[in-house]
Trainee: 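Sharing a structure with you now.
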Amino acid sequence: MEQTRASLEQTRAALRLRTVLGHLGRTSAGAYTAHPTTRAVSSTSFHPPQFQYTLDNDILSLEQRKFYEENGFLVIKNLVSDDDITRFRNQFQRICKEEVKPQGMMIMRDISTEKSKFIPSEELITKVQNFHQDEELFRYCTLPEILKYVECFTGPNIMAVHTMIINKPPDSGKKTTRHPFHQDLHYFPFRPSNSIVAAWTAMEQVNRNNGCLSVLPGTHKGCLKPHSYPPWEGGVNIMYYGIQGYDEDSPRVHLEMEKGDTVFFHPLLIHGSGWNKSQGYRKVISCHFASADCHYIDVKGTSQESFEKDILETLHKLYGFPEDASLKDIFRLNIQLVKGERTNL
């Protein structure tokens, strides 16, 4: 009897979640599926004295603002056009084939293939970071349909602070394509966190089979936690830090998305992605934005110092970047204004 009651409650929770998510974009939520494993997310019980994580705007509905405030993420359906995604995909392929070589870009492989030798191709590259100098890819960061939502979190002065195309490969069986649960603020030497937001757009269907995002709703209300490399048997990709002492039984939501769907999320939201069990490559394009009114911090003596050490060693080895530089120096080279006026950053 208790088992039946629990099953009914789980079904009702899933239905409530589906109803809430239907408010996030298109009138039909049928193409979007989020799978709660322990509890559903909702905004119905949210009664804040004031909004803390969103700014007054004419873009988000009251329901959307409440949802983000409570959960730390918001999915907007069909936001980026097929034409734009095709252009981004084509440019990514040109980069993989070394037909173009934008300055400052970091090209990464999966740990399972990094020592292998292949002809330069899309199958070799798993991530392209810092594409600020690539005019075609950087268009993503300036799309009006993206920026109008970003402004709801950052305000009118907007900086693009970190860019990525992620090409999650079919897993070799060692589960190296997983990304451990983490908080993006671990990588950023500026504050306040509430003035930073990620835009993450599916370039094709993203689901649990090919390693969609998993998020822990409401964790954006916490603090930045210590991160380190998890002791996974198959190894961990460089810079893929995970939260120390993560409870694998924590409630989570799996964000299954269609091409063009975009999720905006807070830098303290705990999230990660599963391994790619499919035979294809899972592509997304992403940019972290921040208010130009943010200020830099010194990460020395904080939980972020280990990342600063790792990234400086990598950049020194690959590009001759000064060993005595700081994380702040790295970001100053890449941050670009995309809307409004430049202030602190």
Side-chain angles (χ1 to χ4, degrees), residues 17 20-21 23-25 34 36 39 41-43 46 48 50-57 59-76 79 141 146-155 157-164 179-201 212-227 241-243 246 250-255 257 261-273 284 286-295 297 303-304 307 331 345:
L17 174 62
V20 170
L21 292 173
H23 293 290
L24 303 185
R39 64 175 174 85
V41 295
S42 75
S43 59
F46 179 69
Q50 61 182 7
F51 291 105
Q52 303 176 57
Y53 305 102
T54 58
L55 303 174
D56 291 340
N57 63 85
I59 303 300
L60 300 180
S61 67
L62 178 60
E63 188 72 14
Q64 288 173 323
R65 287 191 73 179
K66 287 181 177 180
F67 189 94
Y68 187 89
E69 293 277 335
E70 179 67 13
N71 300 294
F73 71 95
L74 182 66
V75 176
I76 305 298
L79 185 63
C141 306
I146 292 287
L147 292 180
K148 74 177 184 180
Y149 282 100
V150 170
E151 189 170 348
C152 299
F153 310 103
T154 65
N157 298 323
I158 305 173
M159 309 292 291
V161 297
H162 184 248
T163 53
M164 291 188 297
H179 196 147
F181 277 96
H182 64 283
Q183 297 164 299
D184 287 342
L185 192 63
H186 177 70
Y187 299 94
F188 301 144
F190 36 84
R191 302 290 188 274
S193 60
N194 291 349
S195 296
I196 305 169
V197 68
W200 194 96
T201 298
C212 66
L213 280 184
S214 296
V215 301
L216 307 189
T219 50
H220 66 300
K221 300 174 185 177
C223 60
L224 180 61
K225 301 180 183 299
H227 287 61
Y241 299 97
I243 292 174
Y246 163 67
S250 296
R252 67 188 70 174
V253 170
H254 302 283
L255 300 182
M257 300 163 61
D261 294 351
T262 302
V263 59
F264 297 90
F265 59 92
H266 192 280
L268 281 174
L269 181 73
I270 297 175
H271 66 287
S273 63
V284 300
S286 175
C287 178
H288 281 85
F289 298 90
S291 168
D293 298 318
C294 286
H295 60 275
I297 64 166
S303 63
Q304 295 177 257
F307 166 64
F331 276 90
L345 285 185

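Here, residue 1 is the first one in the sequence, and each next residue gets the next number.
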Trainee: Go through the steps for His162 and Asp184 under the test side-chain contact (heavy atoms from CB on, under 4.5 Å), then give the verdict.
Mentor: CA-CA 11 Å; His162 184 248; Asp184 287 342; over 6 Å; no

Trainee: Quick one, His266 with Ser193, criterion side-chain contact (heavy atoms from CB on, under 4.5 Å). Give me CA distance, side-chain angles, the key distance, then yes/no.
Mentor: CA-CA 8 Å; His266 192 280; Ser193 60; 3.7 Å; yes

Trainee: For the residue pair His182 and Tyr187, categorise the inter-ring angle as parallel (less than 30°), tilted (30 to 60°) or perpendicular (more than 60°).
Mentor: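 Taking Tyr187 first and then His182, their aromatic rings stand perpendicular (interplane angle over 60°).
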
Trainee: What are the two closest heavy atoms between Leu216 and Pro251, and how far apart are they?
Mentor: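 Reported closest heavy-atom pair: CD2-O, 3.1 Å.
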
Trainee: Where is the tightest heavy-atom contact between Leu147 and Cys141, given as atom of each residue plus distance?
Mentor: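 Residues Leu147 and Cys141, closest heavy atoms: CD2-O, 3.4 Å.
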
Trainee: Test of understanding: with side chain to side chain contact (heavy atoms under 4.5 Å, CB included), list the residues that count as partners of Ser291, not counting sequence neighbours.
Mentor: Thr154, Ser195, Asp293, Cys294

Trainee: Might you point out which heavy atoms bring Gly155 and Leu55 nearest each other, and give the distance in Å?
Mentor: N-CD1, 3.2 Å

Trainee: Any donor and acceptor pair, going by atom type alone, linking the side chain of Gln183 with main-chain N or O of Lys225 inside 3.5 Å?
Mentor: yes

Trainee: Which is it for Phe190 and Ile196 under the side-chain contact (heavy atoms from CB on, under 4.5 Å) test, yes or no, and what are the steps along the way?
Mentor: CA-CA 9 Å; Phe190 36 84; Ile196 305 169; 3.6 Å; yes

Trainee: Is the closest side-chain heavy-atom distance between Leu79 and Thr201 below 4.5 Å?
Mentor: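 Contact flag for Leu79/Thr201 side chains = no.
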
Trainee: Side chains of Gln304 and Leu224: closer than 4.5 Å at any heavy-atom pair?
Mentor: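 In contact.
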
Trainee: For a quick test of reading the model, state the closest non-hydrogen atom pair linking Leu269 to Pro217 and the distance between them.
Mentor: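 Shortest heavy-atom separation between Leu269 and Pro217 comes out as CD1-CA, 4.4 Å.
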
Trainee: Can you tell me how far CD of Glu151 sits from CD1 of Ile146, rounded to the nearest 0.5 angstrom?
Mentor: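 Separation between the atoms: 13.5 Å.
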
Trainee: Is there a side-chain contact between Val284 and Met257 in this structure, where contact means two heavy atoms from C-beta onward sitting under 4.5 Å apart?
Mentor: no

Trainee: Is the backbone N or O of Ala199 less than 3.5 Å from a side-chain atom of Ser286, with the two atoms forming a donor-acceptor pair by type?
Mentor: yes

Trainee: With the side chain counted from C-beta on, respond yes when Trp200 and Leu255 share a heavy-atom pair under 4.5 Å apart, and no when they do not.
Mentor: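 Contact flag for Trp200/Leu255 side chains = no.
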
Trainee: Can you tell me how far CD1 of Ile76 sits from CG of Asp261, rounded to the nearest 0.5 angstrom?
Mentor: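 CD1 of Ile76 is found 9.5 Å from CG of Asp261.
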
Trainee: Roughly how far, to the nearest 0.5 Å, is the NE2 atom of His271 from the CD1 atom of Ile243?
Mentor: 9.5 Å

Trainee: Give the ring-plane orientation class for Phe307 versus His186, where under 30° counts as parallel, over 60° as perpendicular and anything between as tilted.
Mentor: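 Plane angle between 30° and 60°, so tilted.
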
Trainee: Looking at every heavy atom in both His220 and Glu70, which two are closest together, and how far apart are they?
Mentor: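 Minimum heavy-atom contact is CE1-O, 3.4 Å.
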
Trainee: Go through the structure and list residues passing side chain to side chain contact (heavy atoms under 4.5 Å, CB included) with Thr54, not counting sequence neighbours.
Mentor: Phe51, Leu60, Arg65, Tyr68, Glu69, Phe153

Trainee: Calculate, to the nearest 0.5 Å, the distance between atoms CD1 and CG belonging to Ile158 and Leu345 respectively.
Mentor: 12.5 Å

Trainee: Side chains of Arg191 and Leu185, heavy atoms from C-beta outward: is any pair under 4.5 Å?
Mentor: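 Counting from C-beta outward, Arg191 and Leu185 do come under 4.5 Å.
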
Trainee: Hey, what do you get for CZ (Phe331) to CE (Met159), rounding to the nearest 0.5 Å?
Mentor: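 Answer for the CZ-CE pair, Phe331 versus Met159, is 12.0 Å.
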
Trainee: From Phe289 CZ over to Phe264 CZ, what is the distance, rounded to the nearest 0.5 angstrom?
Mentor: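 The CZ atom of Phe264 is 7.5 Å from CZ of Phe289, to the nearest 0.5 Å.
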
Trainee: For Leu268 and Thr219: C-alpha separation, side-chain torsions, deciding distance, then whether side-chain contact (heavy atoms from CB on, under 4.5 Å) applies.
Mentor: CA-CA 7 Å; Leu268 281 174; Thr219 50; over 6 Å; no

